[in-house]
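A quick write-up on the structure given underneath.
So that the names make sense, note that chain A is the first sequence line, chain B the second, and so on, each numbered from 1. Reckoned from all heavy atoms, side chains included, excluding hydrogens, waters and symmetry mates.
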2 protein chains.
Amino acid sequence: MDTRERLIQSTRELLWERGYVGTSPKAIQERAGAGQGSMYHHFHGKPDLALAAITRSAEETRSRAEAELGGPGSAAGRIAAYLRRERDALRGCPVGRLTQDPDVMADPRLRAPVEEYFTWLTDRLAGLLEQGRAGGELGPGLDPAATAAALVAVVQGGYVLARAAGSAEAYARAVDGALTLLTRQTPAKEGR
Amino acid sequence: MDTRERLIQSTRELLWERGYVGTSPKAIQERAGAGQGSMYHHFHGKPDLALAAITRSAEETRSRAEAELGGPGSAAGRIAAYLRRERDALRGCPVGRLTQDPDVMADPRLRAPVEEYFTWLTDRLAGLLEQGRAGGELGPGLDPAATAAALVAVVQGGYVLARAAGSAEAYARAVDGALTLLTRQTPAKEGR
DNA sequence: GTCTATAACCTGATAGAC
DNA sequence: GTCTATCAGGTTATAGAC
């Protein structure tokens, strides 16, 4: 991995762990094993590097989601697979994390990938829910857009609960609650 | 309001807006209209002041929640009132915000009020859901603990969606989706 | 209680040598 | 491409006068 790439990866990690304000160029350089001059050669400054890191994280997070959402099985099954996918719930979402960073949200260029990711994810879930409704798998009274928003919120909020409790269990509980409401049947508990 | 109190209030605001790393003693002093010496006379340092601010915010947020959750009406009605209560969704939750702050979560004293708040809120909702189930208002198959976790997650995640979209509408949509799943009826939309 | 002075270190960057 | 030097300003205090 070349220097430029290491700088991007280090920035992605630090933005995830400590946010934009909590991430200094010095810390990025140390983690990447690169010097001051090296960083400023490849990027114009902290915002420029953050843009590269955020764009990459949003793309990758989207790809990981699509792996389950576009997988085999019924609509509800694919949604359940996505929500229950093995996650490090205590680390949270690298994209959702950024919404709490005022400096990121204040910069239209840094904010765009974040907004786009959530729009895509919500629409993707809504499409799947619509499909499940059409197939009779889910109730006919279901509102795809609102339900999709609720499910995405459960994932993001599940991370908050997990961090607050200091345990990934809290994430799993929230997701189980949501899936039970969605499918109206007792969730499989043997899985955990 | 005396100086000590102004320092606490300023810290609460800044922690909410910018998080722990993003909040400097200098910024606190400026907002409180207090000098350096004044701050260090009343508090031992940034962590000490943060503890006072976090404790206060957790107490107040809990009180505001109890106002709806302990209000009149059915269990489902009170939960809906809580979820739909007028909120500045773009500002998010002053307590949930702190879970994203590694320095706060790494300090057991700062972390305690956060953990306690979410435990209380989830248990409070679970009690209400249990009550609704016993009264036949909600389905007999409902799991109070998991459902409560899902609802708290929807609130916290709803803030993430609102900030990502730059619109409080996203919060309302997630909450509507969750309430529809909970009560299994079309949500009232005239309200917005 | 509040003020100013001082300090050691960090932040985010620029300049220019190599 | 990468390095070191330098810089103006911020951070998080401590010390002691008032």
Side-chain angles (χ1 to χ4, degrees), chain A residues 1-56 97-98 100-111, chain B residues 1-56 97-98 100-111:
Chain A
M1 198 158 49
D2 65 2
T3 302
R4 190 190 147 85
E5 190 61 24
R6 285 204 315 280
L7 284 165
I8 294 178
Q9 296 302 338
S10 300
T11 306
R12 289 181 59 195
E13 291 172 18
L14 284 164
L15 284 180
W16 193 0
E17 294 167 15
R18 308 199 39 85
Y20 188 85
V21 245
T23 298
S24 68
K26 190 184 184 183
I28 293 169
Q29 291 152 27
E30 279 170 4
R31 191 173 291 211
Q36 186 98 307
S38 193
M39 188 193 111
Y40 283 101
H41 168 73
H42 290 288
F43 299 95
H44 293 147
K46 187 176 165 177
D48 187 37
L49 182 42
L51 178 59
I54 292 172
T55 302
R56 189 74 68 80
R97 169 72 173 90
L98 302 167
Q100 301 303 318
D101 244 305
D103 294 352
V104 170
M105 300 315 277
D107 183 333
R109 303 218 310 150
L110 297 182
R111 183 218 179 93
Chain B
M1 199 157 52
D2 65 3
T3 302
R4 192 190 145 84
E5 190 61 25
R6 286 204 314 279
L7 284 165
I8 294 178
Q9 296 303 337
S10 300
T11 306
R12 290 181 58 195
E13 292 171 16
L14 284 165
L15 285 179
W16 193 1
E17 295 167 15
R18 308 200 39 85
Y20 188 85
V21 246
T23 297
S24 67
K26 190 182 184 184
I28 293 169
Q29 292 152 26
E30 279 172 0
R31 192 173 291 209
Q36 186 101 306
S38 191
M39 188 193 113
Y40 283 99
H41 168 74
H42 291 288
F43 300 94
H44 292 146
K46 188 176 165 179
D48 187 39
L49 182 42
L51 177 58
I54 291 172
T55 303
R56 189 73 67 80
R97 169 73 173 89
L98 302 167
Q100 301 302 319
D101 244 305
D103 295 352
V104 169
M105 300 315 276
D107 183 334
R109 303 217 312 148
L110 297 182
R111 183 216 179 95

Roughly, in whole Å, what's the span from [atom1] in [X] to [atom2] in [N]?
X: B:Y40; N: D:dT11; atom1: OH; atom2: C1'; value: 8 Å
X: A:M39; N: D:dT4; atom1: CE; atom2: P; value: 16 Å
X: B:K46; N: D:dT14; atom1: NZ; atom2: P; value: 15 Å

Taking B:R109's backbone N and O only, do any of them form a donor-acceptor pair with B:D107's side chain (distance below 3.5 Å, no angle check)?
yes

Are the side chain of A:R18 and the backbone N or O of B:P102 linked by a donor-acceptor pair below 3.5 Å?
no

First contact, last contact: which nucleotides of DNA chain C are these for chain A, 5' to 3', heavy-atom distance under 4.0 Å?
C:dC10 to C:dT14

Between B:K26 and D:dT11, is there a contact of a side-chain N or O with OP1 or OP2 at under 4.0 Å?
no

Can you sort out the partners of B:R6 under salt bridge (charged side-chain N to carboxylate O under 4.0 Å, His left out), two or more places apart, ordered by chain and number?
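Salt bridge (charged side-chain N to carboxylate O under 4.0 Å, His left out) check on B:R6 returns nothing, list empty.
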
Across the strands shown, which category fits A:G35 at heavy-atom distances under 4.0 angstrom: base, sugar-phosphate, nothing?
sugar-phosphate

Hey, which of these two, B:H41 or A:A27, hits DNA chain C nearer its 5' end, going by closest nucleotide?
B:H41

Does a side chain donor of either B:E5 or B:Q9 reach within less than 3.5 Å of an acceptor in the other side chain?
yes

Considering non-hydrogen atoms only, spot the tightest contact between B:A34 and B:T3 and give its length.
CB-CG2, 3.9 Å

Tell me which one of B:L49, B:T11, B:L15 satisfies side-chain contact (heavy atoms from CB on, under 4.5 Å) with B:I54.
B:L15

